[in-house]
Number of protein chains: 2
Amino acid sequence: MFSKSCKYGIKATLYIAQKSQHDERVSLKEIADAINSPIAFTAKILQILAKATIINSTKGPNGGFEIDKVQLSKISIHQIVEAIDGNRLFDGCVLGLNSCNAKEPCPMHSEFVIIRKQLSETLATSNLLDVALDLNLGLTVLKR
Amino acid sequence: MFSKSCKYGIKATLYIAQKSQHDERVSLKEIADAINSPIAFTAKILQILAKATIINSTKGPNGGFEIDKVQLSKISIHQIVEAIDGNRLFDGCVLGLNSCNAKEPCPMHSEFVIIRKQLSETLATSNLLDVALDLNLGLTVLKR
DNA sequence: TTTATTTCGGACAAAATTATCTTAATATAA
DNA sequence: TTATATTAAGATAATTTTGTCCGAAATAAA
Ligand code: SF4
Ligand code: SF4
């Protein structure tokens, strides 16, 4: 479904979101630790997210990553997936034809337009604030 | 969503299914041509499907691949995906935690159990006969 | 029985993804 | 201003996935 990069990206963003709620900026090391990911690889993904202006990064002592608190409820998981994996999951052909084309559909088209729509909507309506709240309450976890 | 191997596998199986309806056995070359896939790589995938007894293979002159006509309606796309990509799509954690565990769920758990259920059911109820019928009618295509 | 045809199986190769390392850039604080 | 902490960026490496090649095995027909 998602690439490993994307999974790390989602988890990292959620961790940053959780901390940003309480105005805490977090370091690369802390993030990688919290989500159980390879540190240098995580750095690359955070760079992508920073360029996509989903997160903010600051260099130097006490630097790290954060998300504008008032933006938390406006950033969706969909945006993260788009930034890292692109749109293939949302608009590519499930069976790998050059493009999705309802005029000349692949054999799974009618089945998958439904699933993709639901997937896309679910991700588009999942915002960082809501998801991070569950994390705060300990209802969900980022690593095991 | 699906690996490339799996996409090839699904398309190849559907092509074989279509031909098997009319008692035609098809060769590797014909399949690869019909679904626009690398021939030698396709051979590997057909071997997997043959071992999973989803398709039958016959060596020698006039050999090739076929599916028992009466089985067509009993074989699901789900089975193909399982044989090639395994169960990760159906029972793995969407965010890459070691396993899906509702007692200690990842932050996307509640959203994804719904999507995965629908995906799994859709694939489980898509049988080769039905899907191949649309192909026959020219309503859907395996390559463009 | 010999030859031709076709899949099978293993070895190999290329490409994409994931992961690491090293140096540079930047910001803070002493 | 200098030292330190931290992310950025580029080069490199490991792993996985995708793809190729070739000889072996099986089958059918001549
Ligand atoms: S048919 Fe289904 S899979 Fe093929 S392109 Fe359209 S949506 Fe994608
Ligand atoms: S929580 Fe969601 S993603 Fe994590 S394991 Fe359960 S289902 Fe998978």
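By convention in this document, chain letters (A, B, ...) are assigned in the order of the sequence lines, proteins followed by strands, and residues within each chain are numbered from 1. For clarity, every value in this text was computed on a predicted model and none was experimentally measured.
At dT18(D), none of the side-chain N or O atoms of Y8(B) fall inside 4.0 Å of OP1 or OP2 (strictly under the cut-off).
Below 30°, between 30° and 60°, or above 60°: for F90(A) and H78(A) the angle between ring planes is below 30°, a parallel geometry.
Put simply, CZ on R25(A) is 8 Å from P on dT28(C), counting in whole angstrom units. In this entry the distance linking NZ of K29(A) with P of dA5(D) reads 14 Å, nearest Å. Nucleotide dA15(C) holds its C1' atom 9 Å from the NZ atom of K4(B), rounded to whole Å. Per the geometry, CD1 belonging to I31(B) stands 10 Å off P belonging to dC8(C), to the nearest Å. Rounded to whole angstrom, the span from the CG atom of D85(A) across to the P atom of dA16(C) amounts to 16 Å. Rounded to whole angstrom, the span from the CZ atom of F2(A) across to the C1' atom of dT18(C) amounts to 18 Å. Counting to the nearest Å, the P atom of dG10(D) and the CZ atom of F41(A) are 17 Å from each other. For R88(B) and dT17(D), the CZ to C1' distance is 12 Å, given to the nearest whole Å.
Of the candidate nucleotides dA19(C), dT18(D), dT18(C), dT18(D) has the atom nearest to the side chain of S5(B).
K51(A) places no side-chain N or O within 3.5 Å of a backbone atom of L46(A) that could act as its donor or acceptor partner. Judged by distance alone, the side chain of S76(A) and the main-chain N or O of Q79(A) form a donor-acceptor pair under 3.5 Å. Formation of a donor-acceptor pair under 3.5 Å by the R25(B) side chain with backbone atoms of N62(B) is found in this model. N87(A) places no side-chain N or O within 3.5 Å of a backbone atom of G92(A) that could act as its donor or acceptor partner.
DNA chain D is contacted by K44(A), Q47(A), K51(A), S57(A), T58(A), K59(A), G60(A), P61(A), N62(A), G63(A), G64(A), F65(A) of residues 43-65 of chain A, taking any non-hydrogen atom closer than 4.0 Å.
For the atom pair L119(A) CG and L89(A) CG, the distance stands at 5.0 Å (nearest 0.5 Å).
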